[in-house]
Participant: 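One structure, pasted below without further comment.
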Amino acid sequence: MSDWLNPRGAVSVGLLVILALLPIYASLTGDVFAMTLFTRIIIMAIAAVSLNLIMGYGGMVSFGHAAYLGIGGYAVGILWKEGITSGFVQWPVAIAVSALFALAVGALSLRTRGVYFIMITLAFAQMIYYAALGLDRYGGDDGLTIRQRSQFDGLLDLNNRTLFYYLCLALLIASICLVSRIVNSRFGLVIQGARSNERRMRAIGFPAFRYKLVCFVIAGALCGLAGALLANHTNFISPALMFWTRSGDLMVFVVLGGLGTPFGPLIGTAAYLLLEEALSRVTEYSGLFLGPGLLLVALYLRGGIEGLIGGARRG
Amino acid sequence: MLYFIEQALNGIQLGMLLFLLAAGLTLIFGIMDLVNLAHGSLYMLGAYFAATFAAATDSFVLGAFLALAATFVSGIVLEVIAIRPLYGRNHLDHVLGTFGLLIFFNDLVRLIWGPAGMTLSLPSEMLTAVQVIPGVYYPLYRLVIIAVTLAVAALLYFTVMRTRLGMLIRAGASNREMVGALGVNIKLLYTLVFGLGAALAGFAGLMQAPILTVQIGMGENILILAFVVIIIGGVGSIRGAFVAAILVGIIDTIGRAFIPDMLRSVLNNDASATLGPSLASMLIYMLMAGILVFRPEGLFPAASK
């Protein structure tokens with residue numbers, strides 16, 4: 001329990017309380033835009049949580065994570081177009097295909113190290129981007145408008161904005177819990193061990209490659225789920241979902257919030273998207289401020305916002 | 001067959017362009033150990049500078065030289081202000097910081113030149129096509145690109161392998177502390193190398209500007225191709241970058257030109273129309289994946305790293 005009694009715990013809990021109460025505020029003021037923005041923040045935070053699992057805890061700097069966002073989204077869109085509207089089919093397919101793609105990418109990329117890993121994951125994501133660009137039947141370059149959200153017959157109606165919001169929030173909290181459980185398990189300790197010294201992990205008998213691959217697949221699957229949510233949220237998919245700058249955004253969310261901390265991805269996503277929104281109201285050229293801001297974060301804010309709040313560094 | 005030759009020439013031309021970008025990237029990575037995502041922004045700047053100066057001076061060549069100088073200076077200013085503190089940090093910090101620079105440059109260009117994009121027109125004598133072999137006509141300008149880039153590549157090779165500056169660059173790549181200890185101004189060397197990389201990227205941008213439209217984000221797609229090139233060639237190796245750039249350029253162009261037709265003979269029209277273009281775009285990434293499986297350090301791994 002003492003975990004929650006420090007400033008960093010207070011901020012995390014505070015943020016969750018705000019997120020939980022937001023629909024009430026929105027329904028009182030009729031602020032539909034806030035609901036849309038925060039649903040987006042929550043969904044992107046799920047993607048960032050999944051990236052944090054491999055990048056923050058596993059030291060695998062994947063620069064192609066938006067690919068899974070796209071695969072999850074396209075799974076929903078393509079199945080809808082082909083007449084399969086049930087979410088009970090769409091979502092598992094989104095997760096499974098993302099996991100399969102992660103398995104293929106991971107099996108090839110995890111042989112490489114350092115900058116090679118960064119770039120090979122980036123290249124695979126670009127490959128999927130071009131594949132989606134060529135899908136004329138599903139909109140090609142223009143993207144595809146999905147006219148019907150995933151159907152959970154009788155159980156859930158995703159057209160209900162508030163319900164969809166709480167579903168996303170529940171999934172976000174579940175994924176934060178899942179990642180915390182994973183990294184504190186024996187499996188997660190091997191992953192973290194491999195981040196600090198992979199050779200040593202192998203020497204004491206752990207097949208580090210296989211452990212990392214499983215971790216990579218879990219992250220891909222989780223991000224695929226975020227993609228399915230995003231397609232349902234925007235009712236639209238396009239190759240732009242997985243352009244490489246989108247992967248860059250996800251990395252920014254994680255690092256800004258605090259690499260390898262449970263709530264960092266959520267804090268980073270919320271901070272960045274809210275700042276971007278606020279800046280875009282003041283100036284047309286928000287990048288002039290966001291860009292140098294990112295450079296300063298990279299240079300001086302090693303622990304991200306989480307580190308700033310908590311002060312002390314965690315190993 | 002004639003079509004094939006024409007496409008092969010297009011491939012070589014794309015390869016030359018990729019080499020200009022990849023050489024700078026690989027130099028900067030090999031010597032400063034810096035992953036630079038803002039390299040595509042310098043390519044974009046080169047194109048914008050060229051379009052502006054060519055319009056102002058009414059001369060393509062003069063505009064190109066001014067643009068080259070302007071990108072070199074921009075690179076030096078960028079290095080001193082923003083890149084220098086990134087040296088010695090981990091690659092994730094590089095990616096994050098230079099990604100921020102990329103966002104910055106996109107909006108800076110939009111602020112200065114507006115969102116519309118620009119065109120750069122060639123002098124009329126460049127617009128002709130020449131007969132390269134009987135029956136095959138090829139645009140003169142594209143041949144000029146190939147020739148000029150080959151000259152630049154030779155000059156670069158000569159500079160790195162045969163001059164004192166090149167010796168220092170190579171020494172800096174293998175042991176920067178020792179070079180510093182021997183009294184070489186390593187900071188200045190790094191700034192010069194970054195400026196050189198910037199000028200090469202700007203050069204690629206200005207050469208390509210008359211063929212494509214000059215627009216915001218033009219460097220983002222080609223940057224990834226340049227990364228693929230240096231991964232295939234082996235990070236830090238200029239020779240590797242040259243071989244890989246031509247390989248990638250030819251495979252990409254030939255793939256785009258012929259795969260849809262080849263598929264049409266196997267599959268029905270509908271399926272090949274969908275599959276063809278995507279498969280062609282994915283080809284070089286598959287090539288890269290294949291090469292990395294067998295040679296995780298690329299074709300010409302740099303000896304020092």
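In what follows, chains carry the letters A, B, and so on, assigned in the order in which the sequence lines appear, proteins first and then strands, with residues in each chain numbered from 1.
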Participant: Main chain of B/Leu108, side chain of A/Tyr285: is a donor-acceptor contact present, judged purely on distance under 3.5 Å?
Facilitator: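 Flag not set: sc A/Tyr285 to bb B/Leu108 has no pair under 3.5 Å.
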Participant: Answer whether the closest heavy-atom distance between the side chains of B/Leu111 and A/Glu284 falls below 4.5 Å.
Facilitator: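 Counting from C-beta outward, B/Leu111 and A/Glu284 never come under 4.5 Å.
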Participant: Would B/Asp33 and A/Val115 count as a side-chain contact (heavy atoms from CB on, under 4.5 Å) if you check the C-alpha gap in whole Å, the side-chain angles of each, and the deciding distance to 0.1 Å?
Facilitator: CA-CA 10 Å; B/Asp33 197 24; A/Val115 73; over 6 Å; no
Participant: Can you find a heavy atom in the side chain of B/Phe99 that is under 4.5 Å from one in the side chain of A/Asp249?
Facilitator: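 Yes. Closest side-chain heavy atoms under 4.5 Å.
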Participant: Could you state the interatomic distance from CD1 (B/Ile224) to CE (A/Met127), rounded to the nearest 0.5 Å?
Facilitator: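 B/Ile224 atom CD1 to A/Met127 atom CE measures 14.5 Å (nearest 0.5 Å).
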Participant: Side chain from CB out, backbone as N, CA, C, O: work out which of these in A/Thr245 comes under 4.5 Å of a heavy atom of chain B, or both, or neither.
Facilitator: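 Both parts, heavy atoms under 4.5 Å.
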Participant: Measure the CG-CD1 distance between A/Leu295 and B/Ile83 for me, rounded to the nearest 0.5 Å.
Facilitator: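 Output value for this atom pair is 7.5 Å.
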Participant: With only heavy atoms counted, which part of B/Leu225 is less than 4.5 Å from chain A, the side chain, the backbone, both or neither?
Facilitator: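 When you check distances to chain A, no heavy atom of B/Leu225 falls under 4.5 Å.
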Participant: What part of A/Leu256 is in contact with chain B, defined as an atom under 4.5 angstrom from a non-hydrogen atom: side chain, backbone, both or neither?
Facilitator: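 Contact with chain B: none, neither part.
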Participant: Can you tell me how far the CE atom of A/Met119 sits from the CD1 atom of B/Ile232, to the nearest 0.5 Å?
Facilitator: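 Here the interatomic distance stands at 13.0 Å.
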Participant: Going by side chain to side chain donor-acceptor pair (under 3.5 Å), name the pairs with one or both residues in residues 96-113 of chain B, residues two or more places apart or in two chains.
Facilitator: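 Every pair satisfying side chain to side chain donor-acceptor pair (under 3.5 Å) with a residue in residues 96-113 of chain B: B/Thr52-B/Trp113, B/Asn106-B/Glu220, B/Asp107-B/Arg110.
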Participant: Applying side chain to side chain contact (heavy atoms under 4.5 Å, CB included), can you list everything that pairs with A/Val179, at least two apart in sequence or on another chain?
Facilitator: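 Listed in chain order: A/Val49, A/Leu53, A/Tyr57, A/Val183, A/Leu222.
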Participant: Run B/Val95 and A/Met251 through side-chain contact (heavy atoms from CB on, under 4.5 Å) and show every step you take.
Facilitator: CA-CA 9 Å; B/Val95 168; A/Met251 291 174 83; 3.8 Å; yes
Participant: Quick one: pull up OH in B/Tyr285 and CD1 in A/Ile120 and give me the separation to the nearest 0.5 Å.
Facilitator: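 It is 12.5 Å, given to the nearest 0.5 Å.
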Participant: Give a yes or no answer on whether the side chain of B/Arg89 reaches the backbone of A/Ala298 with a donor-acceptor pair at less than 3.5 Å.
Facilitator: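 Pair found, side chain donor or acceptor close to backbone of A/Ala298.
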Participant: When you compare the side chains of B/Asn221 and A/Tyr130, does any donor N or O come within less than 3.5 Å of an acceptor on the partner?
Facilitator: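 Per modelled atom types, B/Asn221 and A/Tyr130 side chains form a pair under 3.5 Å.
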Participant: Count the heavy atoms of every other residue, nucleotide or ligand shown that sit under 6.0 Å from CZ of A/Arg210, and state whether that count exceeds 12.
Facilitator: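 Not buried by this count: 12 neighbours or fewer within 6.0 Å.
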Participant: For residues 263-274 of chain A, please give each side-chain donor-acceptor pair under 3.5 Å, one per line with the distance, not counting sequence neighbours.
Facilitator:
from	atom 1	to	atom 2	distance (Å)
A/Thr269	OG1	A/Pro265	O	2.5

Participant: B/Ile284 versus chain A, heavy atoms under 4.5 Å apart: side chain, backbone, both or neither?
Facilitator: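 Neither; nothing under 4.5 Å.
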Participant: Supply the atom-to-atom distance A/Leu299 CG to B/Leu86 CG, rounded to the nearest 0.5 angstrom.
Facilitator: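 If we round to the nearest 0.5 Å, A/Leu299:CG and B/Leu86:CG are 5.0 Å apart.
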Participant: Got more than 12 heavy atoms from elsewhere within 6.0 Å of CZ, A/Arg200?
Facilitator: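 No, the 6.0 Å shell around CZ holds no more than 12 heavy atoms from other groups.
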Participant: Just verifying a value: how many Å separate A/Leu108 CG and B/Met288 CE, rounded to the nearest 0.5 Å?
Facilitator: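 Nearest 0.5 Å value for the CG-CE distance: 9.0 Å.
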Participant: Counting only non-hydrogen atoms closer than 4.5 Å, can you tell me which residues of residues 59-83 of chain A sit against chain B?
Facilitator: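 Under the 4.5 Å heavy-atom cut-off, A/Val61, A/Phe63 qualify.
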Participant: Can you tell which of A/Phe124, A/Phe243, A/Tyr129 has the highest number of heavy-atom pairs within less than 4.5 Å of chain B?
Facilitator: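 The candidate making the most pairs under 4.5 Å is A/Phe243.
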Participant: Measure A/Phe289 against the heavy atoms of chain B and call it side chain, backbone, both or neither at under 4.5 Å.
Facilitator: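 Contact with chain B: none, neither part.
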Participant: Quick one, B/Leu37 and A/Trp244 - any side-chain contact, counting heavy atoms below 4.5 Å?
Facilitator: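 B/Leu37 vs A/Trp244: side chains touch.
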